[in-house]
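The structure under discussion appears below in the form of structure tokens.
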Amino acid sequence: MSPALPMTKYHQIYLVLREQLHEGRFAEGFPGELALMQQFGVARVTVRRALEQLASEGLIAREPGRGTRALDVGTSPATPRGQAAQRAQLTGLLENLVSMGLKTSVNVLEVELVTASASVSSALQIKPGDPVQKAIRVRSTREGPVSHITTYVPADIARKFGRRELAKKPILVLLEESGVKVGRAHQTISARLADVMVAKHLDVAVGSALLAVRRLVYDDQDRPIQWLHGLYRPDRYEYEMQLSRVGSIDAKVWVSKELSAKFH
């Protein structure tokens with residue numbers, strides 16, 4: 001078998017920007033060519049090739065004299081794109097998440113009240129523009145950074161905790177302490193490439209493959225209370241599940257049960 005060819009720089013930039021577009025990162029404006037050249041450290045022709053690829057897929061619109069704008073390509077966490085996405089309804093998920101949070105240190109990068117984008121409002125079942133708390137944190141072990149986590153919580157729930165509390169306790173603990181009874185969670189696992197910002201915080205190269213987790217947490221009344229975007233270093237994070245077959249002999253299905261999620 002011949003070795004895989006290295007990924008071209010323009011295709012790497014295209015993949016990073018495509019993922020950010022699907023996440024609704026450019027609701028307030030798409031960066032210009034010069035900004036992208038500086039961000040990725042490449043020539044204009046490389047940036048233009050990446051943008052042409054995005055435009056050909058209907059992800060952006062390029063208009064002479066008006067620049068580039070993102071088109072509405074946001075996806076609901078209930079209908080993730082790509083064959084790599086796998087849904088997991090996991091028994092014991094919440095307890096394991098709290099346990100992991102207590103075994104790692106956290107650096108709170110950002111906590112602010114923002115207006116909900118289309119994708120965030122769809123996930124949390126609120127109106128676009130409603131206030132939500134956005135928090136960005138990096139979790140680490142003694143070996144170094146492991147995960148880059150962005151969470152969105154409706155403002156009426158998040159009013160009882162902020163940067164100081166998020167630096168001390170897992171957010172699920174803070175939700176419970178705020179009077180919320182956490183019920184279930186829906187989790188999607190796929191893959192993403194590290195952009196410039198995430199690569200810096202996780203100490204990896206831009207374009208490195210990361211394990212991506214999308215987790216929507218509900219209270220006991222089935223109201224969405226937290227939407228999480230997590231990016232994990234695959235060399236420091238391990239996810240283990242047990243699969244069991246249930247049902248009659250002619251209609252057996254696989255049912256998953258979480259065993260562990262470990263940082264190392």
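All figures in this text were calculated on a predicted structure; none of them were measured in a lab.
For the pair Val180 and Ile157, the minimum side-chain heavy-atom distance is below 4.5 Å. Put simply, the side chain of Pro224 does not reach to within 4.5 Å of the side chain of Val217, judged on heavy atoms.
Look at Arg69 and Glu63 and you find a salt bridge, because one of the NZ, NE, NH1 or NH2 atoms lies within 4.0 Å of a carboxylate O, short of that distance. Between Asp222 and Arg184 there is a salt bridge, since at least one side-chain N of the basic residue sits less than 4.0 Å from a carboxylate O of the acidic one. Of the charged side-chain nitrogens involved, at least one lies within less than 4.0 Å of a carboxylate oxygen, so that Glu177 and Lys169 count as a salt-bridged pair. Look at Asp195 and Arg18 and you find no salt bridge, because none of the NZ, NE, NH1 or NH2 atoms lies under 4.0 Å from a carboxylate O.
We find the CZ-CD1 distance between Arg215 and Ile189 to be 8.5 Å, quoted to the nearest 0.5 Å. The distance from the CD atom of Gln187 to the CZ atom of Arg214 is 11.0 Å, given to the nearest 0.5 Å. With values rounded to the nearest 0.5 angstrom, Leu34 atom CG is found 6.5 Å from Arg44 atom CZ. Rounded to the nearest 0.5 Å, atoms CZ (Arg223) and NZ (Lys181) are 15.5 Å apart. With rounding to the nearest 0.5 angstrom, the CD atom of Glu52 is 12.5 Å from the CD atom of Glu57. Rounded to the nearest 0.5 Å, atoms NZ (Lys134) and NE2 (His229) are 10.0 Å apart.
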Check: Are Leu51 and Phe30 close enough, and set up right, to give a side-chain contact (heavy atoms from CB on, under 4.5 Å), and what steps lead you there?
Finding: CA-CA 11 Å; Leu51 296 180; Phe30 195 86; 3.7 Å; yes
Margin query: Set out, in order, the CA-CA distance, both residues' side-chain angles and the distance that settles side-chain contact (heavy atoms from CB on, under 4.5 Å) for Val111 and Leu166, then state yes or no.
Written below: CA-CA 9 Å; Val111 180; Leu166 286 165; 3.7 Å; yes
Next item on the list: Check the pair Leu193 / Leu210 against side-chain contact (heavy atoms from CB on, under 4.5 Å), numbers first and verdict last.
Entry: CA-CA 6 Å; Leu193 299 178; Leu210 301 173; over 6 Å; no
Checklist line | CA sep, side-chain torsions, deciding dist, call: Arg137, Arg139, side-chain contact (heavy atoms from CB on, under 4.5 Å) | finding: CA-CA 6 Å; Arg137 293 162 294 153; Arg139 285 203 171 275; 4.1 Å; yes
Note to self: Applying salt bridge (charged side-chain N to carboxylate O under 4.0 Å, His left out) to Arg62 and Glu33, what does each step give before you reach the verdict?
What the structure shows: CA-CA 11 Å; Arg62 307 192 71 199; Glu33 291 183 0; 2.5 Å; yes
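Taking both residues in full, the closest heavy atoms of Ala194 and Val16 are given as O-CG2, 3.9 Å, listed atom of the first, atom of the second, then distance. Contact between Arg192 and Ala212 at its shortest, heavy atoms only, is CG-CB, 3.3 Å. Among all heavy-atom pairs drawn from Pro154 and Ile225, the shortest one is CD-O, 3.3 Å.
Linking Ile, Leu, Val, Met, Phe, Trp and Tyr whenever their side-chain heavy atoms come within less than 4.5 Å puts Val182 and Val153 in one cluster. Grouping the Ile, Leu, Val, Met, Phe, Trp and Tyr side chains by contacts below 4.5 angstrom, directly or via other members, places Met37 with Val206.
Checking Thr46 against Arg48 by side-chain atom types alone, no donor-acceptor pair falls below 3.5 Å. Counted by atom type alone, Tyr232 and Arg236 present zero donor-acceptor pairs between their side chains at under 3.5 Å. Using a 3.5 Å distance cut-off with no hydrogens or angles, the side chains of Tyr218 and Gln125 do not pair a donor with an acceptor.
Classified by interplanar angle (parallel below 30°, tilted 30° to 60°, perpendicular above 60°), the ring pair Tyr152/Trp227 is tilted.
Atom CZ of Arg49 sits in a sparse spot, with 12 or fewer heavy atoms from other residues, nucleotides or ligands closer than 6.0 Å.
Applying the side chain to side chain contact (heavy atoms under 4.5 Å, CB included) rule to Ala116 yields the partners Val120, Ser121, Ile126, Val132; only residues at least two apart in sequence or on another chain are considered.
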